[in-house]
Amino acid sequence: MFATLLTLIALLGPPWISIEYPANPLDPTTRGGYLLVHTFHHQAAVQAQISGEAVTWDRGTRRAIPLRFESTSRPGVYRLTKQWTDGTPYVLLITVGEGEHGSATALVSVTAAGQVSKVEVPSEPYREFRVPRAPRDSEIMAAFQAAGA
């Protein structure tokens, strides 16, 4: 039964996520966005469940701000406005999908000045391509360090 479920997931495939930075100021539905999130199933852009949080560490204590995303004029493209303050580095953990088909998470390193310094989607090899996997705590900390922490 478990092997059948894994085979089904592999055939259907997990979602994929990519980040566009900066957002296009010429499109009225993306204007004012900090960045755009693109969601895919295989090569096709798809509407998907998306969630996220902006994470920082203050004197060793993890603080997280839930993020809100808005649809745009393009399928599978979501606008994220800046919902955190400058002055401290952040890691944006942005996740698309959940449940039986899996999820994909982008780790976006944001410097104290508010600039993206790195984007990574943790993944692992599967046959001739890569599939997303949940980020490890060490990868989240590395993303925070890449933000200048």
Side-chain angles (χ1 to χ4, degrees), residues 2-3 5-24 30 32-72 74-149:
F2 184 69
L5 180 61
L6 286 178
T7 301
L8 182 60
I9 290 171
L11 290 174
L12 296 175
W16 190 256
I17 186 171
S18 73
I19 304 299
E20 179 182 343
Y21 173 81
N24 180 357
T30 62
Y34 178 73
L35 58 77
L36 302 178
V37 179
H38 296 259
T39 59
F40 300 93
H41 182 257
H42 296 285
Q43 73 277 9
V46 295
Q47 297 295 108
Q49 183 171 355
I50 186 168
S51 61
E53 59 184 357
V55 178
T56 191
W57 281 262
D58 183 17
R59 292 181 219 118
T61 301
R62 183 184 193 271
R63 291 187 306 139
I65 301 166
L67 297 174
R68 296 175 312 282
F69 300 87
E70 302 170 45
S71 296
T72 69
R74 293 181 284 162
V77 180
Y78 301 88
R79 180 176 80 156
L80 175 67
T81 57
K82 197 168 188 181
Q83 300 160 38
W84 58 94
T85 58
D86 290 341
T88 186
Y90 278 90
V91 176
L92 309 181
L93 285 85
I94 303 172
T95 302
V96 60
E98 67 174 30
E100 64 186 60
H101 300 296
S103 63
T105 300
L107 304 176
V108 181
S109 303
V110 179
T111 68
Q115 300 298 311
V116 169
S117 63
K118 179 181 174 184
V119 175
E120 179 183 7
V121 178
S123 61
E124 58 194 11
Y126 178 79
R127 297 188 180 162
E128 68 276 0
F129 51 94
R130 300 191 67 79
V131 295
R133 61 167 173 72
R136 297 181 180 106
D137 289 342
S138 61
E139 292 167 321
I140 296 170
M141 287 308 296
F144 187 58
Q145 291 169 348

- Message: Evaluate Thr88 against Asp58 for side chain to side chain contact (heavy atoms under 4.5 Å, CB included), listing each step before the verdict.
- Response: CA-CA 9 Å; Thr88 186; Asp58 183 17; over 6 Å; no
- Evaluate the criterion ring-ring contact (aromatic ring centres under 6.0 Å, His included) for residue pair Phe129 and Trp16; output intermediate values, then yes/no. CA-CA 12 Å; Phe129 51 94; Trp16 190 256; over 10 Å; no
- Task: Apply side chain to side chain contact (heavy atoms under 4.5 Å, CB included) to the pair Gln47 and Thr39, showing each step before the final yes or no.
- Result: CA-CA 7 Å; Gln47 297 295 108; Thr39 59; 6.0 Å; no
- Apply side chain to side chain contact (heavy atoms under 4.5 Å, CB included) to the pair Trp84 and Leu67, showing each step before the final yes or no. CA-CA 9 Å; Trp84 58 94; Leu67 297 174; 4.0 Å; yes
Using the side chain to side chain contact (heavy atoms under 4.5 Å, CB included) definition, which of the options [options] pairs with [X]?
{"X": "Pro135", "options": "Val121, Thr95, Leu107", "answer": "Leu107"}
{"X": "Ile19", "options": "Leu92, Ile94, Leu36", "answer": "Ile94"}
{"X": "Tyr90", "options": "Val108, Val55, Thr111, Ile65", "answer": "Ile65"}

Between the side chain of [X] and the main-chain N/O of [Y], is any donor-acceptor distance below 3.5 Å?
{"X": "Glu70", "Y": "Arg68", "answer": "no"}
{"X": "His41", "Y": "Gly13", "answer": "yes"}
{"X": "Arg133", "Y": "Glu124", "answer": "no"}
{"X": "Ser117", "Y": "Ala146", "answer": "yes"}

I need the minimum non-hydrogen distance between [X] and [Y], along with the two atoms involved.
{"X": "Ala112", "Y": "Asp86", "value": "O-CB, 3.4 Å"}
{"X": "Pro132", "Y": "Ala104", "value": "CB-CB, 3.6 Å"}
{"X": "Ala48", "Y": "Tyr78", "value": "N-OH, 2.9 Å"}
{"X": "Pro89", "Y": "Gly148", "value": "CG-C, 4.1 Å"}
{"X": "Glu53", "Y": "Ala64", "value": "OE1-CB, 3.3 Å"}
{"X": "Gln83", "Y": "Leu80", "value": "NE2-CD1, 3.4 Å"}

- Query: Between Tyr21 and Val119, does a side chain to side chain contact (heavy atoms under 4.5 Å, CB included) hold up when you go through it step by step?
  - Reply: CA-CA 10 Å; Tyr21 173 81; Val119 175; over 6 Å; no
- Query: Do Val110 and Tyr34 touch side chain to side chain, with heavy atoms closer than 4.5 Å?
  - Reply: yes
Roughly how far, to the nearest 0.5 Å, is the [atom2] atom of [Y] from the [atom1] atom of [X]?
{"X": "Ser123", "Y": "Ile17", "atom1": "OG", "atom2": "CD1", "value": "12.5 Å"}
{"X": "Asn24", "Y": "Arg74", "atom1": "CG", "atom2": "CZ", "value": "7.0 Å"}
{"X": "Phe144", "Y": "Lys118", "atom1": "CZ", "atom2": "NZ", "value": "13.5 Å"}
{"X": "Met141", "Y": "Trp57", "atom1": "CE", "atom2": "CH2", "value": "5.0 Å"}
{"X": "Arg62", "Y": "Asp137", "atom1": "CZ", "atom2": "CG", "value": "8.5 Å"}
{"X": "Leu93", "Y": "Thr105", "atom1": "CG", "atom2": "OG1", "value": "7.0 Å"}

- Message: The criterion is side chain to side chain contact (heavy atoms under 4.5 Å, CB included); which residues satisfy it with Gln49, sequence neighbours excluded?
- Response: Glu98
